[in-house]
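One structure below.
It should be emphasised that the depicted structure is a prediction, and the values quoted were computed from it without experimental measurement.
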Amino acid sequence: DAGVIQSPRHEVTEMGQEVTLRCKPISGHNSLFWYRQTMMRGLELLIYFNNNVPIDDSGMPEDRFSAKMPNASFSTLKIQPSEPRDSAVYFCASSPGTGARETQYFGPGTRLLVL
Amino acid sequence: AQSVTQLDSQVPVFEEAPVELRCNYSSSVSVYLFWYVQYPNQGLQLLLKYLSGSTLVESINGFEAEFNKSQTSFHLRKPSVHISDTAEYFCAVSVGGYQKVTFGTGTKLQVIP
């Protein structure tokens, strides 16, 4: 079975440009998570969805970040405008249920560099 | 709110030696505990987890962790490491009824030949 799919795997852009990261969760999974990983701050939860509905977006850094999940098989994380401090690896993860006991399955990540 | 502390950012160990990666958590309610592993340029993957029952949990590749409620710890151990165990290991905690998982800062295990 295919795991969590993320695209692009690498993105280099210039400050001020819009960046869109994409995620396809594992089929049948009900929850989806967006994380950001940096050397300085470690792994941070940005937002998570249950059944396509945003549940907790308290980790979204600021209004420049937005996330959508229009259906059960697709989610996007958008940064507009991008800044150099947004450079990081962004992970998408999904889990089969909506409880705290669930294992999260991570995608390979998108490595973003904002110049 | 729950939190996780991994005091060791890096742990070098010789091949075939034992290793312990430390994890302490804080929470005012019952918790679920996880260890995830991240190999270079990959996403995290579950190594093992404690949900309830026996306090000792094992993974398929020889790691084990013991839930110690009195010491609020969930240390990860392996009696004999292999080169292929070189990776970063993350301890994580979640609490019942709330799906948000809090990850520790990670411990990089470097196995030396």
Does the plane of the ring in A:F91 sit parallel, tilted or perpendicular to the ring in A:F106? Use 30° and 60° as the thresholds.
perpendicular
Under-4.0 Å salt bridge between A:R85 and A:E62:
yes
Do B:E64 and B:R77 sit within salt-bridge range, that is, some charged N less than 4.0 Å from a carboxylate O?
no
With chain A, which of B:Q38, B:Q42, B:Q45 has the greatest number of heavy-atom pairs at distances under 4.5 Å?
B:Q38
Heavy-atom distance under 4.5 Å to chain B: side chain of A:M39, backbone, both or neither?
side chain
Answer key: most heavy-atom pairs under 4.5 Å with chain A among B:L46, B:L51, B:L33, B:T102 is B:L51
Non-hydrogen atoms of chain B under 4.5 Å away: do they reach the side chain of A:R111, the backbone, both or neither?
side chain
Would a line drawn from the ring center of B:F63 to the ring center of B:Y89 be shorter than 6.0 Å?
yes
When the 4.5 angstrom heavy-atom criterion is applied to B:Y50 and chain A, the contacting part is neither
Hey, are A:R64 and A:D86 close enough for a salt bridge, meaning a charged N less than 4.0 Å from a carboxylate O?
yes
Relative to chain B, which segment of A:Q104 carries a heavy atom at a distance below 4.5 Å: side chain, backbone, both, or neither?
both
